[in-house]
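Please read these numbers as outputs of a predicted model, since none were measured by experiment.
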Amino acid sequence: MANPDIVIIGSGIGGATIASGLAGSGASILILERGEPLPATPHARSTRSIFVDEHYRPKEMWREAGGAAFNPGNYYYVGGNSKFFGAVLIRYRKEDFSELEHFGGMSPAWPFSYDEFEPWYSKAEQLFRVRGTLGEDPTEPFHSIPYAFKPVPDEPPIARARVELKNLGLHPASLPLGVDIEAWLKDGRTGWDAFPNTGQGKIDAQTGPLTAALKDPNIRLETSAHVDWLETAPDGKTIAAIHYTQNGAQKTLSPKLVILSAGAVNSAVILLRSPSANGKGLANSSDQVGRNFMNHNSCAMLAIDPRRPNDAVYQKTLMLNDYYLSDGKGGKPLGNVQLLGKIDGNMLKANVKRVPKFALDFMASHAVDWYLMCEDLPDPESRIMVDGKDIVMQWRRSNMQSLEGLTKVMRENLRACGYPIVLSRPFDKRTPSHQCGTVKMGNDPATSPLDTFCRAWDHQNLFVVDGGFLPTSAAVNPALSIAAQALRVADHIRKTELSP
Ligand SMILES: Cc1cc2nc3c(=O)[nH]c(=O)nc-3n(C[C@H](O)[C@H](O)[C@H](O)COP(=O)(O)OP(=O)(O)OC[C@H]3O[C@@H](n4cnc5c(N)ncnc54)[C@H](O)[C@@H]3O)c2cc1C
């Protein structure tokens, strides 16, 4: 195969979005994706298949440092983890770009401001056709372009929850979502959060930017192409070759530019596995590759009223940021609250095996289900490592006081709204869904592997564009920020690498 100008490794949010940003540039681009497209089968809308039988989970195991092996909820398909995402496409708040003190310590500033980044958020919202409304959320940052589509409507039980929360003096707001609700429900009356998108209902990395990118005849996608390692030129300053395995065959490519977008964990793994003069892997003279792993501290909270059934189908249309910047009493930030997709008995059974299914069905059908999310702070000892063929995760959670505080205040609020039973359960380590920080960007090559345009300080033709570049996790879902930066980096590559 002739060498393309650019190879992008991974077709998830980072990879697909940067491909769309480079479309029409005249560069020949090949996307190498280890997965295959998701097939449309009845499993895709079966909670039993997805949550009990774990039909879509990868066959691989990761290891906890000093602990047991576990099967991670990390998905390898065309479109990456976004095929399963809750489609919440929300901006970090303006304050997240500055230093912000939390109960568990300081969240560092980004190397650029919200105002500099804002136009890229607007472009990403257009690309992912985000549905939303402005003016409801007190923490909402400035938007130069309003949402192009009205928010996904609240179902009646959620419209009622919105009123109940407002009556407490809180500010529930519509979640910004990449969901075409008619298209989603046409394929089955279920929620979309954690369900695979085999149609057009979710605007994920594949149905959004990848489809747009592949309209350019110079851009191609190869699937079942697992990138194993990168090789540098003898001086170590550039990437000379990509080594990958496709259907059992070992292959090599030598493009001019390499864009690594394999996700925060796997991009770090590929860099750490690649040989280097200092033995620490590539892009790693700062010794920060794999470090600062963050994944949000989060829990599910079920507000149950045995007298009031919740017949919502999708549910996931509300958020609450009243505790995002302060605990409500002048104290430090707690986090974001948003609805989960509607829970059913199968989903509960997958987590609480001892309770009989009929009891779980009753509980689920009378619950409004929330997701509480708090910032995980960067810590160099929270890290992804490799040990031979093993991926080792040493996740040191931080700032758990925020999750405790948010759980307490939301339990009180939901009881005050009339739900006599409020149950909560933290998400466990098997769910690295908001993984980020492992290849962070920054202003200083001594402390960050990437510059502010995601170019490796150590290798001028290598960019890393996925959740790994995020210097902080904030307390909102990461995909829109990854996409916005991918568009910003694409623009930078066009100007610095592709202009005549
Ligand atoms: C159940 C679930 C719900 C979520 N809900 C939301 C939400 O509502 N909002 C939100 O913002 N975020 C959500 N997320 C997180 C979101 O999906 C991720 O933040 C986002 O997909 C990360 O983008 P990425 O480019 O870093 O990685 P990914 O999108 O995961 O893409 C990485 C790609 O690289 C490929 N790859 C990996 N290793 C290799 C290799 N060695 N060779 C070749 N290819 C490789 C993978 O197959 C994948 O396609 C959710 C995630 C999950 C799992």
Side-chain angles (χ1 to χ4, degrees), residues 34 54 57-76 81 102-108 226 228-229 260 262-276 278-300 350-354 373-404 407 424-440 447-449 464 466-473 478:
R34 81 187 248 182
E54 303 191 329
R57 280 176 103 95
K59 302 285 171 273
E60 74 182 11
M61 303 293 280
W62 295 354
R63 227 174 2 94
E64 259 187 74
F70 67 98
N71 176 231
N74 198 41
Y75 297 98
Y76 303 114
N81 279 304
H102 287 259
F103 286 108
M106 190 65 84
S107 173
H226 183 290
D228 303 309
W229 58 285
L260 181 54
V265 170
N266 280 293
S267 283
V269 165
I270 291 169
L271 293 172
L272 292 170
R273 281 203 178 126
S274 299
S276 66
N278 65 8
K280 289 182 181 169
L282 297 184
N284 202 15
S285 56
S286 64
D287 193 27
Q288 294 300 303
V289 172
R291 296 184 185 268
N292 307 301
F293 172 80
M294 297 169 278
N295 186 34
H296 284 150
N297 300 309
S298 57
C299 77
N351 289 288
V352 278
K353 303 215 164 42
R354 280 172 302 145
M373 190 190 326
C374 300
E375 179 154 350
D376 191 12
L377 301 167
D379 171 358
E381 292 311 313
S382 181
R383 58 192 292 207
I384 299 299
M385 297 172 280
V386 291
D387 178 11
K389 290 199 159 144
D390 287 356
I391 296 176
V392 180
M393 181 192 265
Q394 176 171 289
W395 181 19
R396 295 248 175 108
R397 291 174 185 233
S398 62
N399 198 28
M400 289 304 278
Q401 304 95 313
S402 293
L403 187 60
E404 283 156 26
T407 307
S424 65
R425 187 184 169 104
F427 280 90
D428 66 16
K429 293 196 174 184
R430 292 198 328 142
T431 318
S433 37
H434 291 179
Q435 58 187 273
C436 62
T438 52
V439 199
K440 70 173 172 173
T447 55
S448 59
V464 184
D466 57 29
F469 76 75
L470 289 167
T472 59
S473 66

Side chains of M373 and L403 in contact at under 4.5 Å (non-hydrogen atoms): no

Residue pair M393, R383: steps toward the side-chain contact (heavy atoms from CB on, under 4.5 Å) verdict: CA-CA 6 Å; M393 181 192 265; R383 58 192 292 207; over 6 Å; no

Drop me the distance from R34's CZ to H226's NE2, to the nearest 0.5 angstrom. 4.0 Å

Separation between NE2 of H296 and CG of N399, rounded to the nearest 0.5 Å: 10.5 Å

Short question: side chain of S382, backbone of R396 - any donor-acceptor pair under 3.5 Å? yes

Give the minimum heavy-atom separation between L272 and G290, together with the two atoms involved. CD1-CA, 4.5 Å

If the condition is side-chain contact (heavy atoms from CB on, under 4.5 Å), which residues does R397 pass it with, not counting sequence neighbours? N297, W395, M400, K429

Between V265 and I391, is a side-chain contact (heavy atoms from CB on, under 4.5 Å) present by the stated rule, with each step listed? CA-CA 9 Å; V265 170; I391 296 176; 4.1 Å; yes

Do side-chain atoms of D390 reach the backbone of V392 as a donor and acceptor pair under 3.5 angstrom? no

Residues at least two apart in sequence or cross-chain that pass side-chain hydrogen bond (donor to acceptor under 3.5 Å, both in side chains) with N74, listed by chain then number, are Y76, N81, Q435

Taking the side chain as C-beta and beyond, is there a heavy-atom pair between I270 and W229 under 4.5 Å? no

Would you mind reporting whether C299 and R425 have side-chain heavy atoms less than 4.5 Å apart? no

Residues R63 and D387 bridged, charged N to O under 4.0 Å: yes

Show your reasoning for whether side-chain contact (heavy atoms from CB on, under 4.5 Å) applies to E64 and Q394. CA-CA 6 Å; E64 259 187 74; Q394 176 171 289; over 6 Å; no

Looking at every heavy atom in both A283 and V289, which two are closest together, and how far apart are they? O-CG2, 3.4 Å

So does F427 get a backbone contact from the side chain of T431, meaning a donor-acceptor N/O pair under 3.5 Å? no

Where is the tightest heavy-atom contact between S276 and G281, given as atom of each residue plus distance? OG-N, 3.0 Å

Atom OG in S274, atom CG in D228: separation rounded to 0.5 Å? 9.5 Å

Any side-chain donor-acceptor pair under 3.5 Å between S473 and D376? no

R291 side chain to P380 backbone, donor-acceptor under 3.5 Å: yes

Which pair of heavy atoms, one from P471 and one from P108, lies closest together, and at what distance? O-CG, 4.4 Å

For the side chain of S398 and the backbone of G104, is there at least one donor-acceptor N/O pair under 3.5 Å apart? no

Extract all donor-acceptor atom pairs below 3.5 Å that involve side chains of residues 65-72 and protein atoms in other chains or at least two apart in sequence.
{"unit_1": "N71", "atom_1": "OD1", "unit_2": "R57", "atom_2": "NE", "d": "3.2"}
{"unit_1": "N71", "atom_1": "ND2", "unit_2": "P58", "atom_2": "O", "d": "2.8"}
{"unit_1": "N71", "atom_1": "ND2", "unit_2": "E60", "atom_2": "O", "d": "2.9"}

Would the distance check show the side chain of D379 and the main-chain N or O of N292 forming a donor-acceptor pair, the cut-off being under 3.5 Å? no

Looking at every non-hydrogen atom in both residues, tell me the closest pair between N278 and S285 and how far apart they are. ND2-CA, 4.3 Å

Evaluate N284 against L271 for side-chain contact (heavy atoms from CB on, under 4.5 Å), listing each step before the verdict. CA-CA 8 Å; N284 202 15; L271 293 172; over 6 Å; no

Please find the pair of heavy atoms, one from M294 and one from G437, that lie closest to each other, and give the distance. CE-CA, 3.8 Å

Say whether H102 and E375, considering side chains only, have a donor N or O and an acceptor N or O under 3.5 Å apart. yes

Donor-acceptor contact below 3.5 Å, side chain S286 vs main chain T447: no

Is any side-chain heavy atom of P478 closer than 4.5 Å to one of L470? yes

